[in-house]
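Excluded from the calculations below are hydrogen atoms, water molecules and symmetry mates; all remaining heavy atoms, backbone and side chain alike, are included. Counting from 1, the numbers follow the sequence of the chain as shown.
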Amino acid sequence: MAAINNIIHISQAARGKHPGRLLIPARLTEARTAKKMTQSQLAAQIEVSRQSVSTYELGTKNPDPEVMVRIARVLQQPMTYFTREEIPSFGNRSTVFFRKTGADTKKRNQACAVHADWLVSAAATLANYAHLPQVDLPSFEPSGVGVCYTDDEIEESAESVRKHFNLNHGPISNVVRLLEAKGVIVCRQKMEGENVGAFSFWSGDRPFIYLASDRKSAARARFDAAHELGHLCLHRWIGEDEVDDADRLKEIEQEADRFAGAFLLPRKSFPNEVFSSRAEGFIELKSRWKVSIQAMAYRCKDLGVFDDRQITNIYKQISYKKWRTTEPLDGENGLPFEEPVVLRKLTDLLLDSGKVSAADVALEIGPSPDILSQILGTDRLRMGVESRADAPDLSLK
């Protein structure tokens, strides 16, 4: 059969009980990209030529039913994923703020962009049935003629955000819950074999933050969330051309880091609690402020609490104590991770209402049950995807 409008008609044998189902080439490209696979790598695993995969994604050739089954198995997506004409969203996606650029990270960033679309799809689908928290984030731009913020502007922006959120100058109890209350959709998901700390973006007027689930330090994960808040507030106006420039991206990331430090450790209060330049003196501060020792030391440098010699000595102590990767209060018995709850609670609310089945919601969102369970923080949609035969009621005579 010929392709029409870049939509491939699956043969009758492949359609089975679903006549008229269509294969959308873009879904095949997305699923492959999410797996960081080239067309050649996918072709080898599904036992066809690279040219065949190219024609599938262009929409000029129809994969045979048995090939389509292999595609779904290799890319670990349900067959229904490849028939979705549109993915729900809140509008156009803004620039995604990844930490790195270059050939070595291009595939990873492209895969993350697909995961971003899946996160948006989940939130937009749930928003069709329930009210999401109202978005309440301030936005800033540099005051000068340049594109960069001054240090004072970043400090003032962080202070403005805390004031906007009605926070005092003390530690924030839970950054992730705070962001969710202000309308940010937060997801914690693990990408196997990837070093992804976090990234953020806007879909229309809805902000999103994606956090990795393989962080070993709750304090660093919390800093990640504040860093991404910095991007959402400071850099909404930045385009793809700027983040593709490695030097400009470095400036943008430094601004978000400075914002995170200022947001979590206010200059009007934190320095008053720093009583020693010994690394051990920061352990109690970490317990109170829930920020890593290294980030606190860097904040002390920003604020001039210690001179360069003292800062260098602190970092030497950190290296000597082997705290570079794992500090006190990290790990299983350390500070607890701040887990997002809004998507899970919305899913529970919707399914408990009985207005729609778990299977229907899962199909509407799109990706595999494994991915959905991580995005939403619940297995309830995974359990609803497969049909289950309930045991009959039994009783004694």
Side-chain angles (χ1 to χ4, degrees), residues 1-88 103-122 189-196 210 214 359 362-375 379 381-382 384-387:
M1 283 176 290
I4 302 176
N5 295 329
N6 208 35
I7 297 176
I8 301 174
H9 292 259
I10 297 179
S11 67
Q12 186 65 39
R15 289 200 298 263
K17 296 181 180 180
H18 302 280
R21 180 175 291 179
L22 306 173
L23 170 67
I24 310 299
R27 301 293 88 79
L28 175 56
T29 303
E30 290 167 357
R32 175 180 61 77
T33 301
K35 282 291 187 180
K36 290 180 56 182
M37 297 178 69
T38 64
Q39 289 184 341
S40 296
Q41 290 169 332
L42 177 59
Q45 293 204 37
I46 63 175
E47 301 174 4
V48 300
S49 68
R50 182 230 180 256
Q51 183 180 5
S52 292
V53 173
S54 178
T55 58
Y56 302 157
E57 294 189 5
L58 289 172
T60 58
K61 184 179 178 181
N62 185 28
D64 293 330
E66 60 272 18
V67 174
M68 193 63 236
V69 170
R70 292 200 292 270
I71 288 173
R73 183 182 302 117
V74 169
L75 298 182
Q76 296 180 306
Q77 294 293 348
M79 192 70 75
T80 51
Y81 178 79
F82 299 97
T83 67
R84 292 162 51 79
E85 294 192 30
E86 295 183 1
I87 293 181
D104 59 329
T105 56
K106 184 176 180 180
K107 281 187 182 180
R108 187 199 68 186
N109 290 352
Q110 289 174 336
C112 286
V114 175
H115 281 262
D117 287 338
W118 289 341
L119 172 57
V120 171
S121 177
Q189 183 185 354
K190 184 174 183 178
M191 293 185 69
E192 295 292 341
E194 295 298 335
N195 182 22
V196 179
Y210 175 109
D214 55 355
L363 291 175
E364 193 172 344
I365 296 175
S368 72
D370 285 341
I371 291 171
L372 283 181
S373 67
Q374 293 187 54
I375 290 175
D379 282 336
L381 293 192
R382 184 204 302 268
V385 171
E386 298 182 0
S387 298

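- A side-chain N or O of Thr29 and one of Glu57 form a donor-acceptor pair less than 3.5 Å apart.
- Using a 4.5 Å heavy-atom cutoff, the side chains of Val69 and Glu66 are not in contact.
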Given side chain to side chain contact (heavy atoms under 4.5 Å, CB included), test Ile371 with Gln374 step by step and report yes or no.
CA-CA 5 Å; Ile371 291 171; Gln374 293 187 54; 5.6 Å; no

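- When all heavy atoms of Ala34 and Ala111 are compared, the closest pair comes out as O-CB, 3.8 Å.
- Rounded to the nearest 0.5 angstrom, Gln110 CD and Arg32 CZ are separated by 8.5 Å.
- Taking OG1 of Thr80 as the start and CD of Glu364 as the end, the distance is 12.0 Å to the nearest 0.5 Å.
- Checked against side chain to side chain donor-acceptor pair (under 3.5 Å), Ser49 has the following partners two or more places apart in sequence or in another chain: Ser52.
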Show your reasoning for whether side chain to side chain contact (heavy atoms under 4.5 Å, CB included) applies to Thr38 and Lys107.
CA-CA 9 Å; Thr38 64; Lys107 281 187 182 180; 3.4 Å; yes

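- Closest approach of Ser368 to Pro78, counting heavy atoms only: CA-CD, 3.6 Å.
- In this structure the side chain of Lys35 never reaches within 4.5 angstrom of the side chain of Gln41, judged on heavy atoms.
- Looking at heavy atoms from C-beta onward, Val74 lies in side-chain contact with Met37 at the 4.5 angstrom threshold.
- Distance check: Arg73 CZ to Ile46 CD1 gives 11.5 Å after rounding to the nearest 0.5 Å.
- Partners of Arg50 according to the side chain to side chain donor-acceptor pair (under 3.5 Å) rule, which considers only residues two or more places apart in sequence or in another chain, are Gln39.
- Under a 3.5 Å cut-off, the side chain of Gln77 and the backbone N or O of Pro367 do not form any donor-acceptor pair.
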Starting from the C-alpha separation in whole Å, work towards a yes-or-no answer on side chain to side chain contact (heavy atoms under 4.5 Å, CB included) for Glu30 and Ile87.
CA-CA 11 Å; Glu30 290 167 357; Ile87 293 181; 3.6 Å; yes

Is there a side chain to side chain contact (heavy atoms under 4.5 Å, CB included) between Leu75 and Leu28 once you walk through the steps?
CA-CA 9 Å; Leu75 298 182; Leu28 175 56; 3.8 Å; yes

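- To the nearest 0.5 angstrom, Asn62 atom CG is 8.5 Å from Tyr56 atom OH.
- Paired with Ile365 under the rule side-chain contact (heavy atoms from CB on, under 4.5 Å), one option of Ile375, Leu372, Val120 passes, and it is Leu372.
- The distance from atom CH2 of Trp118 to atom OH of Tyr210, rounded to the nearest 0.5 Å, is 10.0 Å.
- Here CZ of Arg27 is found 5.5 Å from OH of Tyr81. Values are rounded to the nearest 0.5 Å.
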